Amino acid sequence: GVNERTFVAVKPDGVQRRLVGLILNRFEQKGFKLVGLKLMQASEGLLKDHYIELREKPFYEHLIRYMSSGPVVAMVWQGFNVVKMARKMLGETNPADSLPGTIRGDFCVDVSRNVVHGSDSIQSARREILLWFRQDELICWDESAEPWIYE
Ligand code: DAT
Ligand code: MG
C-alpha cells in the first residue's frame, strides 16, 4: 500500500563521489515520499547487524570495512510498492549486470563499490528501518502532490 516503506542508503563511495543529490533526486522524481534522512558514520556493530545474513560470505569483513570507510546517507522512502521499485531503480547487485537507467547501471562498475543499498523485501525493510532510525527520526507529513501521484 501507500504506507509501504523501504530503507535506502548511499554508501561511502556514493557520498565521496558526490552522488547523494542525484540519488535523492531519482526517488523524489519517481514520486516516493522521503520520511527519513541522515548523514552518518555507521559503526562496525551496526553494519555487522545490517549485513548479518551475509556473515558467512567470504567478502563479509571486506564489506563491513568498505561500509565503515566513510559517511553514508541513510534514508527511508515511502510509497506504493516502494520496496520492489527501489530495488529496480538500484539495478542488480553486480553493476556489470545492471541495465543503463538504473543507479548501479549508470554510476558504477565494481560489485564492491556499488554506490547504494536498498532493502530486498518488506521484512528486511522493516528490520533495517528499525536498525538505522529512531521512531522520532521518521516524519509523517502530508505531501501536496499526492493527488497528482496517486489516483
Ligand atoms: P544487494 O546490495 O544488492 O542487496 P547483497 O545483499 O547480496 O546485495 O550483498 C550486499 C553487498 O555485499 C552488495 O551490495 C555488495 C557486496 N557484495 C555482494 N556480493 C559480492 C561479491 N560477490 N563480492 C564482493 N562484494 C559483494
Ligand atoms: Mg541485500
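Numbering of ligands and ligand atoms starts at 1, following listing order. Positions are given from 1, in the same order as the sequence printed here. Remember, it's a predicted structure, so these values are computed and weren't measured experimentally.
Looking at ligand 1, you won't find any N or O of Glu92 less than 3.5 Å from one of its N or O atoms.
Counting only heavy atoms of the protein, atom 9 (O) of ligand 1 lies nearest to Leu54 CD1, 3.5 Å. Among protein heavy atoms, atom 17 (N) of ligand 1 sits closest to Phe59 CE1, 3.4 Å. For atom 2 (O) of ligand 1, the nearest non-hydrogen atom of the protein is Arg104 NH2, 3.2 Å. Of all protein heavy atoms, the one lying nearest to atom 15 (C) of ligand 1 is Val111 O, 3.3 Å. For atom 13 (C) of ligand 1, the closest heavy atom belonging to the protein is Asn114 ND2, 3.6 Å.
Figure legend: cation-pi geometry between Lys33 and Trp141, with NZ or CZ positioned under 6.0 Å from the six-membered ring centre and within 45° of its axis. Geometric assessment of Arg113 against the ring of Tyr66 yields a positive cation-pi assignment under the 6.0 Å and 45° thresholds.
Those atoms of ligand 1 with a heavy atom of Tyr51 less than 4.0 angstrom away are 10 (C). For ligand 1, the atoms sitting less than 4.0 Å from at least one non-hydrogen atom of Thr93 are 1 (P), 3 (O), 8 (O), 13 (C), 18 (C), numbered in the order shown with element in parentheses. If you number the atoms of ligand 1 from 1 as listed, the ones under 4.0 Å from a heavy atom of Lys11 come out as 13 (C), 14 (O).
Phe32 and Phe27 have tilted rings, their planes meeting at an angle from 30° to 60° on a 0 to 90° scale.
For the residue pair Ser68/Glu44, the side-chain donor-acceptor check at 3.5 Å is not satisfied.
A salt bridge is defined here as a Lys NZ or Arg NE, NH1 or NH2 lying under 4.0 Å from an Asp or Glu carboxylate O, and Lys38 with Glu137 meets this definition. In this structure, Asp13 does not pair ionically with Lys11, as no charged nitrogen and carboxylate oxygen lie closer than 4.0 Å.
The shortest non-hydrogen separation linking Pro95 to Cys108 is CB-O, 3.3 Å.
Put simply, the residue from Val8, Leu138, Ile139 that forms a side chain to side chain contact (heavy atoms under 4.5 Å, CB included) with Val76 is Leu138.
No heavy atom of Asp120 sits closer than 4.0 Å to any atom of ligand 1. The closest approach between any non-hydrogen atom of Arg87 and ligand 1 is below 4.0 Å.
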